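Working notes, beginning with the structure itself.
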Amino acid sequence: MTKHTSQTSNNGSIPENAAGGILHIDLDALASNWRSLRDHAGGAETASVVKANAYGIGIEKAVPALSAAGCRTFFVAHLSEAIRARVVAPDATIYVLNGLFSGTCPTYAEFDLRPVLGSSEEIEEWAGFCRAQSEKLKAAIHVDTGMNRLGLTVPQGLTLKDRAELKDFETALLMSHFVSAEESDNPLNAQQIEAFEAIRASLPGIPASLPNSSGIFLRDKPGYDLVRPGYALYGGNPTPSTDNPMRPVVGLEARIVQLRWIEAEHTVGYNGRWLALDKRRIATLSVGYADGYPRSSSARGKSGEELLAGMAIVAGQSCPFAGNVSMDLITIDVTDVPETQVKRSDTVTLIGGQLTIDEVGHRAGTIGYEILTNLGARYARIYRGGEG
Ligand SMILES: *Cc1c(COP(=O)(O)O)cnc(C)c1O
């Protein structure tokens with residue numbers, strides 16, 4: 001079961017030559033990113049955030065690869081994801097970030113999972129369940145230091161120590177979450193650290209956790225006991241104002257279905273939003289927004305114009321999108337690629353090389369996180385490395 005292999009496997013998904021898009025997922029790069037984050041974490045335990053199907057790459061593949069690298073603690077968003085993680089990580093510590101839904105305590109106990117409690121009601125329900133079981137089960141408590149989204153308020157956090165329910169269960173982790181750690185100069189970072197520090201000081205002996213991926217790279221980083229990277233594990237840049245210290249994990253190729261020359265004054269795609277000013281060669285790719293490739297990458301304008309829109313790499317050359325991204329197809333302008341270097345059934349790169357997930361997100365007016373978590377179900381998925 002723990003056979004190490006550098007071979008590729010496509011996980012029983014669609015055969016590569018039948019797939020419109022081919023997703024390459026490098027589990028060795030994932031493991032290497034985890035190790036490099038651990039080396040940055042200043043002695044804190046390095047957990048892995050594997051919510052949203054491990055940011056799109058597959059929870060059943062990511063969790064064993066991260067476990068083999070040495071990761072012992074995982075965070076997911078949903079109870080259903082926690083159960084999937086439990087199947088492939090029987091001994092790991094697994095936290096569910098999205099809080100405790102009413103009536104779900106027995107499921108947590110059954111699968112040995114830990115809720116992240118974020119309100120008085122959740123604390124009461126978990127404490128009541130533990131009393132009824134006569135067992136001090138483990139949970140995390142989330143304090144909201146600025147997001148105004150999930151977690152106890154700061155005043156509630158400061159009075160936590162006086163709550164009788166804290167004796168009914170084991171608070172295994174006290175955590176908060178950064179609002180904008182990727183902006184290293186944002187004064188909110190220091191404000192959040194200060195608020196969290198005060199709460200932590202009032203609850204001595206409870207392990208604490210604050211940094212996400214970008215938080216690990218803050219100059220005055222609060223290491224505490226555990227860090228919770230997600231995006232950086234999957235190759236996203238945790239330091240957007242400087243070079244990406246992480247290795248890419250995800251690559252995407254799309255297959256060319258057809259090539260055609262179009263005449264000047266012709267448009268491409270739905271609603272005719274892209275106009276050829278001269279004779280142009282268009283390649284049609286078998287990937288579209290139904291594969292999670294954002295329609296907001298559509299190129300609306302004229303040939304030769306610099307547009308903030310999608311891009312593909314064809315035979316080593318950047319080729320801009322032409323027209324609207326359709327449900328199942330994308331059209332690109334390959335006029336500048338020598339005609340013999342691009343033909344039917346070739347694949348082009350949509351993610352890879354200079355087309356990082358951050359760049360693809362930027363070109364779609366979104367963030368790389370959204371690109372990853374929307375990676376489509378129709379792609380052939382080819383996993384490299386990891387545990388066989
Ligand atoms: C998603 C999430 C993380 C991971 O954040 P990244 O920016 O992906 O590293 C950490 N903590 C919490 C509470 C989260 O929701």
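Keep in mind it's a predicted model, so treat the numbers as computed, not measured. What's counted below: heavy atoms across the whole structure, side chains too, no hydrogens, waters or symmetry copies. In each ligand, atom 1 is the first atom listed, and ligand 1 is the first ligand listed.
Lys136 forms no cation-pi arrangement with Phe169, by the criterion of a distance under 6.0 Å to the ring centre and an angle within 45° of the ring axis.
The side chain of Tyr369, and not its backbone, has at least one atom closer than 4.0 Å to an atom of ligand 1 (non-hydrogen atoms only; side chain from C-beta on). With a heavy-atom cut-off of 4.0 Å, His177 touches ligand 1 through its side chain alone. Both the backbone and the side chain of Ser213 come within 4.0 Å of ligand 1, judged by heavy-atom distances.
In summary, the atoms of ligand 1 found under 4.0 Å from a heavy atom of Tyr55, numbered by their order in the structure, are 1 (C), 4 (C), 5 (O), 6 (P), 8 (O). Each of the following atoms of ligand 1 lies closer than 4.0 Å to a heavy atom of Val49: 3 (C), 4 (C), 10 (C). Ligand 1 places these atoms under 4.0 Å from at least one heavy atom of Lys51: 1 (C), 2 (C), 3 (C), 14 (C), 15 (O). Proximity to Pro229 (heavy-atom distance under 4.0 Å) selects the following atoms of ligand 1: 9 (O). Every atom of ligand 1 is numbered from 1 in the order shown, and the set under 4.0 Å from a heavy atom of Tyr231 is 6 (P), 8 (O), 9 (O).
Summary of contacts: the protein heavy atom closest to atom 11 (N) of ligand 1 is Arg228 NE, 2.9 Å.
Annotation: Phe196 is not in aromatic contact with Phe178 [ring centroid separation under 6.0 Å not met].
Atom CD1 of Ile282 is separated from atom CH2 of Trp274 by 4.0 Å, given to the nearest 0.5 angstrom.
Checked against a 3.5 angstrom limit, the closest N/O atoms of Asn212 and ligand 1 fall inside it.
For the ligand labelled ligand 1, residue Glu182 lies outside the 4.0 Å heavy-atom shell.
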